Visitor: 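Just passing along the structure, written as structure tokens.
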Amino acid sequence: MLEAEMKKPEARKFTISQDLKFLDELPRRARDDSHLKEENKRGEHQRTTSSPSQLEGCSHQLLAQLLKGSSERCADSRLLLNSPSLWKDTRTHVVVELYETERSYVESLQTLVMKYLQPLKKSENNYLIDAGIVDEIFYQIPEILMHHEIFLEELRRRLEAWDINQKVGDLFLETFTKQSVIDTYTAFINNWKNAKDAIKASTQSKPAFARFLENMAREHKGKLALDSLLIMPVQRIPRYELLIQTLLKHTEECHSDAQTLLEAQQAIHDLAVTINLGQRGAVRGLSQELCQLESLIEGLAGLASPERTFLSHDQVSITTSQGRKDRALFLFSDLLIITSIKRRSGTIKKPNQNAPSSVISSLEGNKYKLLMKIPLDELEIVKDENVRKLLKEMEQLSADVGTLSQMSELCANLHCPHSQLEESVRDMLAALNRQLCERHSADSQLSHLDLNITTPNGVENIGLIFSKPEKRTNWEEVFTEAKNRLAACGDRRGCPELVAAVPVRKTRAGLTFTCAGPTPASAEVWVCNSDGYVGQVCVLSLARPSEPTVTSCNGVCNARILCIAPVPGQSNNDNNACTNCNSGVISISVEDTDKSAASIHLDSSSSSSDDDDLKEDNKTDSNEDLVSGTMWLGTEDGCILIYNSTDNIRTKKNKVKIQHTSPVHTIIHLDKKVYVALANGDVMVYQRDLNGSWKTSDGITINVSTPSAPVTKMVPISGRLWCACHTSLKILNTNSFAIEHSLAVSGEGNRSIACLVGAGLGAWLSLHNSATVRLYHSSSFECLAEVSVAPAVSKMLASCDDIIRQHKAACLRVTALLASKELLWVGTSAGVILTLPLPHLSAATAKLAASPQVTGVPHGHTGHVRFLTTVDLEVRRGKTSDKPLIISGGDGYEDFRSASVSELAGREDSTNHILLWQV
């Protein structure tokens, strides 16, 4: 990519001023890079002689005119045009062109510093973009400017004193062989992609910053945008090489500058290769190393990634139920891999740490098999105070031994009698050495390291035993540094990109979205609409994610649909008790006033009266339930409607219906059970029987709360079920069905909990009519953070009409939450969708180091965000993916960057829209 950019001509074209019009008279001479390349390929190698006769009449004063301002040039243009000696001296022309292009380059760098960097760093402009991102975008630009200002000034002095013997090759050598210049350009190039990504992300997430860039581009005399200015350092070095090549063609071999120009040409070429290939070579080398590691470890896939680097390899012992086992640790910048290890010939070969060959070659003597692949975000070192104390003591003893050794040497220099002092120092030194040896004998304790792993079922512990205390210390240092780097770059995650905005026009007026959920085994999302009198389901097909379509919208009930839950199917192979049940008939019972209809089969046919046909239909539906799963819908009138996830709602008439006496607030599937929260405060638990059928007539009733404070949200966190009950959280043990803990969370006028999601060891929630989100620790139950989304929403609404902005700000509240991968998504009543990075929490986390930064997504809804959900199409195809689709539903569609950016924005405010993103 950089190589392609370097081949482009500079974005700012060289403009010929009045005093350089004579250059047009030179035959076959153009001033663009393409001509320079063609001239260098010509077979003719004639050099234009810079003889004294040709320079006759070209005084120092005349050449000095080339360095004056444009207003002075116009006055002296006739003098320059009437100077035939300059017409013939192409060498002078090339040097003048070098000066002109260098001055233009320096002006562009000055624009970057004075028009962009300095204003954006001012405190009053903090709302435009964070200071840290500014530093990343303009990394090394001030240093590059400083080097080229010096180079330009030296070039000006050479031209002022120009004569036939003047040299410029030494100036190139002096400037571009400096290590500081090489390091500056290399660092700039290595950061160039990061700068481009930061600009892209900031312009998408911060409309005010995007407008600032547009204004600066309009004000620039060349109308160049920031991207065009930032690419100039990439293009500049190859430009030097072309100019030097042309200068060499017009310099006599006997000229004093000829040899230095040849050396300068080689130096510039080497610099171009270094800065162009340095980063690509490093990335290519790292990727190759990761691919080699992946090939060495059996069962490992998907290791190679541009952002991932290999840090260290160590052999440890881990105590298991079968005794102590040898294991290999592969530590990466974001990942820890634990493998078994076996010598190919039967005995484990320890890698030679001092071997000059690569790490890969030292590992090839052993066989490795993947056991665990753990993200660093889910790992934490257990602080062992005894080990810490022991290490500190050893450190102090080592320091004391060093001090006493120095004292012993100093004693020998004393002229007065000092035998008693020497003896005392010697005794103390011996005693300290003995203590140090005793501490070293405790290798087993010093070599031990405990790690906590955060899993969906809670925190697990693993103990590592290193071969030496030094190895344990070194590994801990590398691990801690990697964790810190990971945390530091956590706030610079990718910006969500809008995939599609889908209007839903098949619904009748007055229907609004209430909830949505992906089907268990197909590329579809069921989106529910209601107006209080009818419930409708729209099917969003994601068969082509880039072109999602709403295939159908059909009414399913005469009540508001409050919740929807996908329930995965169960294969016959998953149930040992069902191995001989070949019929596979799944019966779903109905619990209602008609107890005689206690067993209704889940069929797909409503017209067949033939028993054989009915039996065949039941068998088909049963298999579908086992394989593809079901969709459970909860309604305001207390019904649970169950469909096969592959059902065509448009033609499906018969559905399974479970009737309750209270509205169904939420449904979730967890650990092969379905939990249903009712408005009377109860939670119903449904399980499968031995045949794999759902025992809907035999549900377990758990009294969690009361009708005045019913369970409205349920979320599994750390192996327990968190239930939101008005102003409190109740934590339910999913094994004993007992309430383990209760936590009061309301602090804003007795407001109830509106949204609740889980992420790792954290529970995120928002209260009714509140514009803040809170984070609670799932172990300590402490509130770790309270983040207001109001400032971020105000920034996104900056381009809206004043009255609309004020109204949305006054009524602002959080309406939806979603935790996906490393981001918390927040939907608001203003239609603005926000993201914030999910902080890493360990079991010992007592507070966050910094409040998470809230970032606005450029696209959103005109009205309320009604729901947020996610679907991973690759997982549904049996693959792994780090790029799930995020889906929001709400009133209308709006692009918050500018009112005039999109023709769609604001035109269909009353039409329900579904928006899809990918991070």
Side-chain angles (χ1 to χ4, degrees), residues 311-319 323-331 336 338 341 347-357 359 362-363 379-452 461-485 487 842-844 846 849:
L311 300 179
S312 70
H313 162 260
D314 288 275
Q315 291 183 14
V316 298
S317 296
I318 296 178
T319 302
R324 183 175 293 189
K325 298 288 185 179
D326 289 315
R327 297 289 183 253
L329 302 182
F330 295 88
L331 181 61
L336 175 64
I338 302 178
I341 179 172
T347 306
I348 293 176
K349 176 184 177 182
K350 294 187 177 181
N352 184 359
Q353 305 292 343
N354 300 319
S357 57
V359 175
S362 68
L363 299 175
L379 283 170
E380 202 71 31
I381 291 178
V382 179
K383 306 297 182 182
D384 190 329
E385 293 303 324
N386 292 330
V387 173
R388 303 285 175 190
K389 184 178 179 181
L390 194 57
L391 288 172
K392 187 175 181 180
E393 289 178 0
M394 292 178 62
E395 184 180 349
Q396 292 174 344
L397 284 172
S398 298
D400 289 345
V401 167
T403 302
L404 287 173
S405 298
Q406 293 178 1
M407 291 175 61
S408 179
E409 293 175 0
L410 292 173
C411 287
N413 297 328
L414 292 175
H415 298 288
C416 60
H418 53 273
S419 58
Q420 187 175 0
L421 178 60
E422 277 187 336
E423 185 177 351
S424 299
V425 171
R426 189 166 51 250
D427 291 343
M428 290 180 65
L429 189 58
L432 289 178
N433 279 321
R434 282 195 301 272
Q435 293 183 40
L436 199 56
C437 290
E438 292 173 0
R439 298 293 188 275
H440 277 296
S441 64
D443 275 359
S444 58
Q445 188 176 3
L446 291 175
S447 302
H448 190 87
L449 182 68
D450 282 330
L451 293 176
N452 276 343
N461 182 270
I462 183 172
L464 309 177
I465 303 174
F466 290 80
S467 59
K468 296 180 181 178
E470 295 81 5
K471 288 186 177 294
R472 180 240 192 230
T473 303
N474 292 338
W475 191 90
E476 183 177 357
E477 290 176 355
V478 175
F479 175 85
T480 303
E481 185 179 352
K483 289 274 290 183
N484 292 337
R485 282 199 301 266
S842 68

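Only this structure's heavy atoms are used, side chains among them; waters, hydrogens and symmetry mates stay out. No experiment lies behind these values; they were computed from the predicted model shown.
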Visitor: The criterion is side chain to side chain contact (heavy atoms under 4.5 Å, CB included); which residues satisfy it with Q406, sequence neighbours excluded?
Guide: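 Q406 satisfies side chain to side chain contact (heavy atoms under 4.5 Å, CB included) with no other residue.
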Visitor: Do I462 and I338 make a side-chain contact, defined as non-hydrogen atoms from C-beta onward lying under 4.5 Å apart?
Guide: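 Answer yes - side chains close enough.
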Visitor: What distance do N452 atom CG and L379 atom CG have between them, rounded to the nearest 0.5 Å?
Guide: 9.0 Å
Visitor: Over all heavy atoms of both residues, which pair between C411 and E422 is shortest? Give the atoms and the distance, please.
Guide: CB-CG, 3.8 Å
Visitor: Hey, could you give me the CD/NZ distance between Q315 and K471, rounded to the nearest 0.5 Å?
Guide: 9.0 Å
Visitor: Identify the two heavy atoms, one from S317 and one from D326, that lie closest to each other, and give their separation to 0.1 Å.
Guide: OG-OD1, 3.4 Å
Visitor: Just how far is it from atom CG of D314 to atom CZ of R472, taken to the nearest 0.5 Å?
Guide: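 Reported value, rounded in 0.5 Å steps: 12.5 Å.
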Visitor: Out of curiosity, L429 CG to N433 CG, how far, rounded to the nearest 0.5 Å?
Guide: 5.0 Å
Visitor: Looking only at heavy atoms, which two atoms of R324 and I465 are closest? And how far apart?
Guide: NH2-CD1, 3.3 Å
Visitor: Testing the basics here: between H313 and A328, what is the closest heavy-atom pair and its distance to 0.1 Å?
Guide: NE2-CB, 4.0 Å
Visitor: Contact between L449 and F466 at the side-chain level, heavy atoms closer than 4.5 Å - yes or no?
Guide: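 L449 reaches F466 side chain to side chain.
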Visitor: Rounded at 0.5 Å granularity, tell me how far CE in M407 sits from OG in S424.
Guide: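 The distance works out to 9.0 Å.
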Visitor: Looking at L432 and V401, what are the two nearest heavy atoms and their distance?
Guide: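 For L432 and V401, the tightest heavy-atom pair comes out as CB-CG2, 3.8 Å.
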Visitor: What is the minimum heavy-atom distance between I381 and F479, and which atoms define it?
Guide: CD1-CD2, 3.4 Å
Visitor: With side-chain contact (heavy atoms from CB on, under 4.5 Å) as the criterion, how do R327 and I318 come out once you've worked through the C-alpha distance, each side chain's angles and the decisive distance to 0.1 Å?
Guide: CA-CA 7 Å; R327 297 289 183 253; I318 296 178; 3.7 Å; yes
Visitor: In Å, rounded to the nearest 0.5 Å, how long is the span from CG of D450 to CG of L464?
Guide: 8.0 Å
